[in-house]
Every structure is written in C-alpha cells, then in structure tokens.
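This report refers to the structure that appears directly beneath it.
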Amino acid sequence: MAISKSVNHKKHHHQCYISVPSEIINSLSSNSLQSLLLSPKKAAAASKTGAFARSKVLIKNPTTWFLFLFLCGFLLMLKMWYNFDPFSPNPCGIIPQKDTSSLISNGVSNSQLKTEERDEEINGFWKQPDGFGYRPCLDFSREYMKSSVEILKDRTKYLVVVVSGGINQQRNQIVDAVVIARILGAALVVPILQVNVIWGDESEFSDIFDVDHFKEALADDVRIISSLPSNHLMSRPVEEKHTPLHVSPQWIRARYLKRMKREGVLLLRGLDSRLSKDLPSDLQKLRCKVAFHALRFAPPIRELGNKLTERMRSKGPYLALHLRMEKDVWVRTGCLPGLTREYDEIIHNERKYRPELLTSRSNMTYHDRKLAGLCPLNAVEVARLLKALGVPRNGRIFWAGGNPLGGPDTLLPLVTEFPHFYNKEDLGLAEELEPFAKKASIMAAIDYIVSENSDVFMASHGGNMGHAIQGHRAYAGHKKTITPNKRQMLSYFLNTSLDESEFNKIILGLHRDSMGQPELRTSKAGRDVTKFPIPECMRNDTSDRLSS
C-alpha cells in the first residue's frame, strides 16, 4: 500500500491525503493516461473505428472508473474545503460573491424583478452594507507557530488574573489576559471574576462562558488551566495592581518576566486598558481569536439568547437598540437626561456629592458636552433619528440595556412611534428568565446575543457593549451597524425651522457612511482591533494580492 504521511501533527493544521494501493498505481500505463488527457481536436482526427474501439476498452477498464471516481471525489473535497465558517478557529477561507445578474437566466421574470425592487424600496432600511469581500483571516506567522511549541511545553510560569466591571469590561480584560500570558510564555489560570459591587453579581467564569471551548479554541496559542498546580497553591505570587495604561509587550517582559521565573506565579488585577491597542500583527490576531472564537457564552445562555432571537425574527427582520439611559450613565457622562427639572436635579446632586464618578473633561458644561457628541441620546432623539433613517413604523425593535432613569414612561416617545418594541422580559417566559433574574452579567449576555444576531444594530451611546458588538458584527461579514453621528447631527435636532422632510434628508445624508461598512483600523489610541478588525484579522482579494 502506498501511503502519504502528514508532516504537521499540530491541532487545527491537518493536511489531507488519499491512500492509493500500489497495485493500482502500477497498473496506470502511460497509454491510458494519454487517452484520458487527449484533446477534442486530436480525438476528432482519429478514425471513427479506432475511436469506438478505444472507447469500449476505456469503459470496460476498471482503471478508467477508478480515475473517474477519484476525480469526482477530489472535486467534492475542493467544494467542501471552500465552505467557510467565519468563527472557525483559524479562518482564512474564500466567500463566494453573490451574482445578482444570474436571476434572469435562472427563470426570474422582469415583473418579478420589479416587484423585488419595489419591496427593496419599502424595506430599504434592512439592506446590508457592501462588505467589499472582507473575510476573517487569522494567518499566524511561522515564527509565531514555531514559538508555540516551547510556550505550550512550559510548566514553570503561571499567570492569575482578576477581572472586574460589567461583563463587557470583563471580556476586554480576558482578551488582554490571554495576550499577556502569551507574551510571558506562561500558562493562564481560568480568569477570576471579581464580585460586582454595583449589581451584587457573584457569577464565575464558568457561569458565563464555555470553559471547555475557551481552552480548546486557544490550545495552539496559550496553555489554559482550571487551577494552579498543587506545588504552587501555597506559594506567594508576585502581585501587580498598578500597571500603567497602554503598556507594550516589551514593558511587560521587562517588568514581569524575571520575577515570574523566580516566583513561578504572577497575579494581575485591574487590567482594563492596561495593554496597548497597537501590538505586533500576531498578537493582534490572537486578540481577535480570543474575542471572536474562544469567548463563547455558556450553553444555557446561548440557548435562551437564540430562542429570543427566533421570537424576534419570527415576523421579519428586526433592529436591536442598546439604550444607555440608566442613572449611572447620566452621572458618569456629565450629561442631563432632559426629562424634567426634578430628574436633572437628581443627576446634578449625585455628581456634586460623588465627583469621582464623572469621567474625563470635567471642565466642560453640559451644553458643550451635548454639542460635542459626548452625551447619550434620549428617547425623543432616538425616535427622530430612527424615523429619519427610514425605520418602518411596523418595524420590530429589540432594546437592550438597564432600566432607564424615569422608568418605562421614559421610553414612551419610542413606543408611540414604533409599537413593536420589546426587551428580553417581553420575549422570555417567566420560567426561562427566573434562573438568571439576579445575575446581571448573564442578563447582559442574553442582551448581547439577541443584539449581535439582529439584522441592524445601533447604540444610543458608545461603551464596551456597543464597541464589542460593532467588532463582532464586522467580523461576521459587516452586518449593518449604525453609528449615530452625534457631533454633526445635534445642531439639526435643535433647529426648529427645519420641516420634517428636510430634517430627514439631512440626517440620512450624515449617516450614509456610518452603516457598518468596512473601516480600516489605524494606529490611533483606542482603536482596538476587536472593534476594527481590518487589516490584521480580515482581508479581501485586494489585500491578498498586496500581501503576496
């Protein structure tokens, strides 16, 4: 038996070969191969009698049938290879582009096309942006893969991290923890989630994320373990609480590596924005791999999130809104909710007595912040924006987020304009939601799933969840994601002389390029690759040619 062997035994990098019996290989004569490869012109020149005789021999020859089946199988394998899953562990496939010109040749009449065009005009809001052929591609370098062998063998260095904040802050810190472990060549202990003092959520990593999948997805990059080995349980780890913002891999190695080798264990806290957003290409790809492949929600959360998605989609496409109207958001942003003087006074007093809650630019007035686009949109502004962008009145809207300041009445402008307005409590049965009722992180994870799965997504303000979903939807094929152009549009909101049609035309024009189209990540601080995955983690045919 003639057998081909694979030289690469690493996980996720298998090479496929076909074993062929040596007797069959020996039986393939040069004459039979030449007859199979004979061109039509040469065949026409042969005599009819000779051609007929040869064809009979070929049909009866088992070698001919073997080669025919071999070619069919090979073509089938090619077809299977080009099937593309953007969230497979190491994606770098080819997505076939849709060819709408074939509709007529496939039997679709002109009248049908006109009907579809009319439907498209009616439902134009749901049209997806042009992704320009960009697809996920995590093609790690040879040096990265070579160094993985030694990193995965190491049993002397261990990284323990404690992550804090809401679920989306925790996600960001977990991504950075994996990359830091890779930089240090250390094994990563499954991250510890700090009890959230605001919501009293005591969920552990395994309550929110699929631990087994997390380990398996990163098995070629970083060794992930559930707990420290017994010989390190009593050791005193090196603890670091004050890592500066946006540190480089070189800083991390210089600061921690020697101490880590000596003590064996490094404990890190407060990782939020500690690792630089500008990293070497392989580490950027690793960030994408963690964010988009490894960090998968636990099965019970995925199951419920997908159920609610199906219920939203049962009657057509839907828009997901992440509304940032909670009391703490108004306090932290230095903005006023614009509800009543009473609520404005509540926010003002909270900020006065707890000035540490106010984030940057504390010298700006509320009005200046508003015009600079630094404030969340309120319900009236969101409703006007959605109308201007063409959301149909009967469009279905899922809203995510905490309870708004002022209660349900705050949302009346939206409900009045768009009556099909739901959140997870409206969609889920009491017995489905009850197990998670006091788990704020899990409830936020359910919001994340339904929002990420939506046909269109928009956040009324930035923030970790909005940024994470924006990146996730870009990586999934640039699903429509609206980014409100607050800085430019708010002056028109304040202009009472504009009639509705003129207002809508202006607002739509301001957002033509803010619909989730491919956007190149630059070196600007804050432009995280998990929000802007091009060019490190996605490529198209043009970038393929440029890199070759």
Side-chain angles (χ1 to χ4, degrees), residues 165-166 168-169 197-199 320-389 391 397 399-418 421 423 440 444 447 458-467 482-498 500 503-504 506-507 510-511 514 526:
N168 294 293
Q169 281 178 286
V197 293
I198 297 176
W199 298 289
L321 278 178
H322 185 213
L323 298 178
R324 306 295 310 282
M325 300 179 188
E326 302 95 324
K327 177 181 176 181
D328 68 297
V329 175
W330 295 116
V331 173
R332 285 187 290 105
T333 57
C335 301
L336 296 176
L339 298 171
T340 63
R341 181 174 295 178
E342 176 189 356
Y343 285 112
D344 286 352
E345 192 68 23
I346 290 173
I347 297 301
H348 177 75
N349 290 335
E350 187 82 14
R351 198 176 297 131
K352 180 180 177 181
Y353 295 119
R354 299 186 65 188
E356 72 277 4
L357 295 177
L358 182 61
T359 52
S360 60
R361 306 193 191 186
S362 57
N363 59 329
M364 295 177 70
T365 66
Y366 156 67
H367 186 71
D368 290 338
R369 285 174 179 270
K370 184 79 172 175
L371 291 180
L374 298 175
C375 293
L377 298 175
N378 60 36
V380 173
E381 292 162 343
V382 171
R384 291 190 71 189
L385 175 58
L386 295 182
K387 280 185 67 179
L389 295 178
V391 179
I397 297 178
W399 72 272
N403 292 325
L405 178 67
D409 290 347
T410 304
L411 301 177
L412 278 178
L414 274 162
V415 179
T416 303
E417 199 63 54
F418 303 101
F421 195 76
N423 67 359
D447 274 345
M458 188 183 89
S460 66
H461 191 54
N464 292 307
M465 179 169 167
H467 293 166
I482 300 168
T483 304
N485 193 340
K486 290 185 287 184
R487 183 172 295 181
Q488 293 189 40
M489 75 182 188
L490 282 173
S491 60
Y492 297 102
F493 276 74
L494 300 173
N495 187 346
T496 56
S497 64
L498 286 173
E500 186 175 5
F503 172 83
N504 292 350
I506 291 171
I507 296 301
L510 290 175
H511 289 85
S514 304

Query raised in the report: Can any side-chain N or O of Arg324 pair as donor or acceptor with the backbone N or O of Gly462 at less than 3.5 Å?
Result: yes

Query raised in the report: Under 3.5 Å, is there a donor-acceptor pair between the side chain of Glu326 and the main chain of Gly402?
Result: yes

Atom of [X], atom of [Y] and distance for their closest heavy-atom approach:
| X | Y | answer |
| --- | --- | --- |
| Gly338 | Asp344 | N-OD1, 3.5 Å |
| Gly406 | Leu339 | CA-CD1, 4.4 Å |
| Ala383 | Phe418 | O-CE1, 4.1 Å |
| Met364 | Ala372 | CE-CB, 4.1 Å |

Does a side-chain heavy-atom distance below 4.5 Å link [X] with [Y]?
| X | Y | value |
| --- | --- | --- |
| His511 | Leu389 | yes |
| Leu494 | Leu371 | yes |
| Leu405 | Met325 | no |
| Thr333 | Leu374 | no |
| Lys327 | Ile346 | yes |
| Leu411 | Trp399 | yes |
| His322 | Asp447 | no |
| Leu385 | Ile482 | no |

For [X], side chain to side chain donor-acceptor pair (under 3.5 Å) partners two or more places apart:
| X | result |
| --- | --- |
| Asn403 | none |
| Lys486 | His461 |
| Glu381 | Lys370 |

Requested in this report: Dump the intermediate steps for side chain to side chain contact (heavy atoms under 4.5 Å, CB included) on Leu510 and Tyr492, then the final yes or no.
Outcome: CA-CA 11 Å; Leu510 290 175; Tyr492 297 102; 4.0 Å; yes

Would you give the length of the straight line joining atom [atom1] of [X] to atom [atom2] of [Y], rounded to the nearest 0.5 angstrom?
| X | Y | atom1 | atom2 | answer |
| --- | --- | --- | --- | --- |
| Asn495 | Leu490 | CG | CG | 12.5 Å |
| Ser514 | Gln488 | OG | CD | 8.5 Å |
| Met489 | Leu377 | CE | CG | 4.5 Å |
| His367 | Leu336 | NE2 | CG | 12.0 Å |
| Ile397 | Asn423 | CD1 | CG | 12.5 Å |
| Arg384 | Glu500 | CZ | CD | 8.0 Å |

Report summary line: With sequence neighbours left out, the residues meeting side-chain contact (heavy atoms from CB on, under 4.5 Å) with Asp409 are Leu412

Requested in this report: Applying side-chain contact (heavy atoms from CB on, under 4.5 Å), name anything that partners Asn168, two or more places apart in sequence or on another chain.
Outcome: Arg171, Tyr448, Asn464, Met465, Ala468

**Report entry** Residues forming a salt bridge (charged side-chain N to carboxylate O under 4.0 Å, His left out) with Glu342, sequence neighbours excluded
**Finding:** none

Requested in this report: Classify the angle between the aromatic ring planes of Phe503 and Phe493 as parallel (below 30°), tilted (30 to 60°) or perpendicular (above 60°).
Outcome: perpendicular

